[in-house]
Asker: 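Before I ask anything, here is the structure I am working with.
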Amino acid sequence: MLELSTVRIAKDPANPRIARLLLNRPERLNAINEDTPRDIRKAVEWANADEEVHVIVVEGAGKGFCGGYDLTFFGQGETDHPCQQERFPWDPMVDYAYMKGNTEDFMALWRSPKPTIAKVHGYAAAGGSDIALCCDLLVMAEDARIGYMPTRVWGCPTTAMWTFRLGPTRAKQLMFTGDTIDGRTAAQWGLANECVPADQLDAATMKLAARITGVPRGHLAMHKMVVNHVMLTMGLEQTQQLATVFDGITRHNPEGMWFRRYAQTEGFKAAVQWRDSGKPIPEGDEARELVRRMDQKRNSG
């Protein structure tokens with residue numbers, strides 16, 4: 001077993017050919033902090049170093065899979081950070097280096113020669129959907145939900161997996177709306193491999209994982225390499241570069257700075273409620289003026 005600050009991984013007692021990687025911040029809905037991406041990569045490396053392990057199952061502790069980046073730090077907090085700079089002008093390459101590092105850590109699940117299965121209950125939201133979609137297979141509870149709500153403002157999915165997993169039409173629908181879909185819809189759209197009632201999720205996931213464990217590790221690695229190579233040939237790496245640059249822009253353009261200031265002044269829950277409500281989001285000069293007023297209010301307080 002390997003236990004890190006945000007994740008834990010161990011071989012399943014009933015079938016040691018399966019490693020279970022647990023996102024383990026249930027008090028924060030397994031929200032991503034500065035340690036999470038690196039911890040995921042280290043856990044994957046641990047599983048790949050064990051010759052007995054054939055499959056890695058990724059799951060979340062508590063109420064859900066992963067609620068995305070921890071907005072109490074990255075959104076509401078006052079700290080100047082590489083991925084949310086308070087300085088002006090912001091440095092896009094500093095932002096890019098930090099977020100590309102996170103993307104590469106999440107992609108350890110995709111690069112792993114051993115198949116990875118995301119077992120999703122509750123929410124796989126925003127950055128949490130990045131983690132789920134970096135896995136090879138996806139098993140969801142019927143009432144689970146997955147999506148990238150920050151496409152409405154203050155985010156672009158850096159792994160760019162939506163198009164490669166869903167195709168352009170469905171991906172555009174989710175990127176344009178920021179909507180989430182439940183497990184039933186995800187299965188209908190071909191995003192999830194299986195969708196089952198919540199009380200059957202663990203059994204269904206472990207049944208699929210156990211079926212895979214009967215295949216030699218080398219065969220699994222080769223089959224995965226073939227499929228991954230198709231995605232690379234289609235431009236996955238180049239698309240991720242563009243998406244990661246755009247992610248930084250969405251957090252530092254007028255609309256992104258409005259969201260940031262609103263979260264700082266009114267709280268991230270209020271900011272997220274506005275973002276997801278469908279209510280128009282301030283743009284351009286309107287957003288700049290609102291940021292100026294909020295800065296004045298914060299400085300005078």
Side-chain angles (χ1 to χ4, degrees), residues 1-33 35-67 105-124 128-144 146 183 186-187 192-224:
M1 183 178 80
L2 176 67
E3 186 151 11
L4 301 167
S5 64
T6 67
V7 310
R8 183 176 73 231
I9 189 167
K11 292 193 282 190
D12 185 70
N15 188 342
R17 288 189 167 207
I18 302 172
R20 304 187 71 155
L21 195 168
L22 183 72
L23 305 175
N24 198 26
R25 296 184 72 217
E27 73 284 357
R28 296 293 309 149
L29 299 178
N30 302 316
I32 299 163
N33 66 13
D35 294 327
T36 305
R38 262 62 70 192
D39 285 353
I40 289 174
R41 175 177 52 79
K42 291 174 184 176
V44 172
E45 290 172 349
W46 178 90
N48 281 317
D50 191 313
E51 292 189 355
E52 189 173 27
V53 173
H54 283 56
V55 184
I56 304 169
V57 171
V58 184
E59 55 197 328
K63 296 181 180 179
F65 181 80
C66 176
D105 288 335
F106 295 153
M107 286 290 284
L109 294 160
W110 186 83
R111 292 190 303 266
S112 165
K114 299 177 180 182
T116 54
I117 305 173
K119 171 191 152 191
V120 176
H121 74 295
Y123 270 83
S129 69
D130 278 327
I131 296 171
L133 296 184
C134 283
C135 293
D136 302 308
L137 306 177
L138 181 62
V139 182
M140 293 183 66
E142 290 177 341
D143 59 353
I146 188 168
N193 297 84
E194 294 187 37
C195 166
V196 296
D199 60 358
Q200 299 175 26
L201 179 62
D202 190 68
T205 306
M206 297 306 286
K207 181 181 178 181
L208 175 60
R211 176 69 175 171
I212 294 170
T213 62
V215 179
R217 293 192 317 274
H219 285 61
L220 293 171
M222 286 185 285
H223 298 322
K224 179 167 178 174

Asker: Under 4.5 Å between any side-chain heavy atoms of Asp136 and Pro115, yes or no?
Answerer: yes
Asker: Any heavy-atom pair between the side chains of Arg17 and Val55 that's under 4.5 Å?
Answerer: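 No, their side chains stay 4.5 Å or more apart.
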Asker: Do Lys119 and Leu201 have side chains that approach each other closer than 4.5 Å (heavy atoms only, starting at C-beta)?
Answerer: yes
Asker: Given the rule in the side-chain contact (heavy atoms from CB on, under 4.5 Å) test, do Leu23 and Asp39 qualify, once you have shown the distances and angles that lead to the verdict?
Answerer: CA-CA 9 Å; Leu23 305 175; Asp39 285 353; over 6 Å; no
Asker: Is there a side-chain contact (heavy atoms from CB on, under 4.5 Å) between Glu59 and Leu21 once you walk through the steps?
Answerer: CA-CA 6 Å; Glu59 55 197 328; Leu21 195 168; over 6 Å; no
Asker: Nearest 0.5 Å please: distance from the CZ atom of Arg41 over to the OG1 atom of Thr36.
Answerer: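 Going from CZ on Arg41 over to OG1 on Thr36, the span is 13.0 Å.
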Asker: If you look at every heavy atom in Glu194 and Ala204, which pair is closest and at what distance?
Answerer: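 Closest heavy-atom pair between Glu194 and Ala204: OE1-CB, 4.1 Å.
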Asker: What pair of heavy atoms forms the shortest contact from Lys11 to Pro16, and how long is it?
Answerer: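 Between these two residues, the closest heavy atoms are CD-O, 3.2 Å.
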Asker: What is the distance from atom SG of Cys134 to atom CD1 of Ile131, rounded to the nearest 0.5 Å?
Answerer: 8.0 Å
Asker: Indicate yes or no: at least one non-hydrogen side-chain atom of Leu22 is less than 4.5 angstrom from one of Val58.
Answerer: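 No; the side chains remain at least 4.5 Å from each other.
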Asker: Less than 4.5 Å apart, any side-chain heavy atom of Phe106 and any of Pro37?
Answerer: yes
Asker: Would you say that Ile146 contacts Phe65 through its side chain, given a criterion of any heavy-atom pair below 4.5 Å between the two side chains?
Answerer: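 Heavy-atom side-chain distance check fails, nothing below 4.5 Å.
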Asker: Any heavy-atom pair between the side chains of Thr116 and Leu137 that's under 4.5 Å?
Answerer: no
Asker: So, His54 side chain and Glu52 main chain: donor-acceptor pair closer than 3.5 Å or not?
Answerer: yes
Asker: Could you tell me if the side chain of Val196 sits less than 4.5 Å from the side chain of Glu142, heavy atoms only?
Answerer: no
Asker: Rounded to the nearest 0.5 Å, how far does OG of Ser5 lie from CG of Asn24?
Answerer: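 Output value for this atom pair is 10.0 Å.
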Asker: Which atom pair, heavy atoms only, marks the closest approach of Ala187 to Cys195?
Answerer: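 Looks like CB-CB, 3.7 Å.
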Asker: Which is it for Arg20 and Asp202 under the salt bridge (Lys or Arg N to Asp or Glu O under 4.0 Å) test, yes or no, and what are the steps along the way?
Answerer: CA-CA 11 Å; Arg20 304 187 71 155; Asp202 190 68; 2.5 Å; yes
Asker: To check you understand the geometry: which heavy-atom pair defines the closest contact between Arg217 and Lys114, and what is its length?
Answerer: CD-CE, 3.9 Å
Asker: Roughly how far apart are Asn48 CG and Ile56 CD1, rounded to 0.5 Å?
Answerer: 5.0 Å
Asker: List the steps, then state whether side-chain contact (heavy atoms from CB on, under 4.5 Å) holds for Lys42 with Leu4.
Answerer: CA-CA 9 Å; Lys42 291 174 184 176; Leu4 301 167; 3.8 Å; yes
Asker: Say whether Asp35 and Thr6, considering side chains only, have a donor N or O and an acceptor N or O under 3.5 Å apart.
Answerer: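 The answer is no; no qualifying pair exists.
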Asker: If you measure from CD on Glu3 to CD1 on Ile9, what distance do you get to the nearest 0.5 Å?
Answerer: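 Output value for this atom pair is 12.0 Å.
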Asker: Taking all atoms of both residues into account, what is the closest heavy-atom pair of Ala132 and Ala118, and its distance?
Answerer: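 Ala132 and Ala118 have their closest heavy atoms at O-CB, 3.8 Å.
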Asker: Whether the side chain of Asn30 engages the backbone of Ala61 through a donor-acceptor N/O pair (distance < 3.5 Å, no angle test) should be reported.
Answerer: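 Present.
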Asker: Ala209 and Val57: which non-hydrogen atoms are nearest, and at how many Å?
Answerer: CB-CG2, 4.0 Å
Asker: Within a 6.0 Å radius of atom CD on Glu27, are there more than 12 heavy atoms belonging to other residues, nucleotides or ligands?
Answerer: yes
Asker: Rounded to the nearest 0.5 Å, what separation is found between the OG1 atom of Thr205 and the CE atom of Met140?
Answerer: 11.0 Å
Asker: Verify side-chain contact (heavy atoms from CB on, under 4.5 Å) between Met206 and Asn15, making sure each step is shown before the conclusion.
Answerer: CA-CA 9 Å; Met206 297 306 286; Asn15 188 342; 5.8 Å; no
Asker: Is Lys63 reaching over with its side chain to a backbone N or O of His121, donor-acceptor style, under 3.5 angstrom?
Answerer: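 Not confirmed, Lys63 side chain does not pair with His121 backbone.
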